[in-house]
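Structure record follows, encoded as structure tokens.
Every heavy atom of this structure was used, including side-chain atoms; hydrogens, water molecules and symmetry mates were not. Nothing fancy with the numbering, it's 1 onward along the sequence. Just so we're clear, the structure is a prediction, and the values are computed from it rather than from any experiment.
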Amino acid sequence: MTASIVALMREGLLLALLLAAPMLVAALLAGVISGLVGAFTQIQDPSVSLVPRVAAVGISIVVFAPSIARQLDAFATRLWPLVTAVGTG
């Protein structure tokens with residue numbers, strides 16, 4: 001029982017990293033591009049780099065939401081039987 005809980009915790013942490021990856025990559029790419037544009041144009045306003053990053057994260061959430069939902073559903077389907085087994089003793 002303990003080994004399955006540890007395996008499930010490991011899988012949950014890896015799933016969290018995989019689900020956050022599209023938003024993190026989008027923010028990274030938007031930050032690099034807006035930083036380069038800011039450096040080339042010598043505009044040092046913080047909103048110049050913030051707005052594209054927020055927009056990129058929002059777009060990536062909309063694009064990847066179905067995939068994230070499917071993966072979370074599959075994980076929860078595997079998780080609930082184990083939760084009930086641990087709860088009953």
Query raised in the report: Please, which pairs that meet salt bridge (Lys or Arg N to Asp or Glu O under 4.0 Å) have at least one residue in residues 32-42, sequence neighbours excluded?
Result: none

Distance-only check: which donor-acceptor pairs under 3.5 Å involve side-chain atoms of residues 39-47, not counting sequence neighbours?
from : atom 1 : to  : atom 2 : distance (Å)
T41  : OG1    : V37 : O      : 2.7
D45  : OD2    : S47 : OG     : 2.6

**Report entry** Any pair counted as salt bridge (Lys or Arg N to Asp or Glu O under 4.0 Å), so long as it reaches residues 2-25, sequence neighbours left out
**Finding:** E11-R78

**Report entry** Connected via hydrophobic side-chain network under 4.5 Å: F75 and L13
**Finding:** no

Query - side-chain hydrogen bond (donor to acceptor under 3.5 Å, both in side chains) partners of residues 22-31, not counting sequence neighbours, each pair once - result: none

Requested in this report: Hey, could you give me the CG/CD1 distance between L8 and I5, rounded to the nearest 0.5 Å?
Outcome: 8.0 Å

What donor-acceptor contacts under 3.5 angstrom involve side-chain atoms of residues 52-70, with partners at least two apart or in another chain?
from : atom 1 : to  : atom 2 : distance (Å)
R53  : NE     : S49 : O      : 3.0
S60  : OG     : A56 : O      : 3.3
S60  : OG     : V57 : O      : 2.8

Give every donor-acceptor pair under 3.5 Å between a side-chain atom in residues 17-29 and any protein atom, sequence neighbours left out.
none

Report task. Determine which pairs satisfy side-chain hydrogen bond (donor to acceptor under 3.5 Å, both in side chains) with at least one residue from residues 18-37, sequence neighbours left out, and list them in order. Result -> none

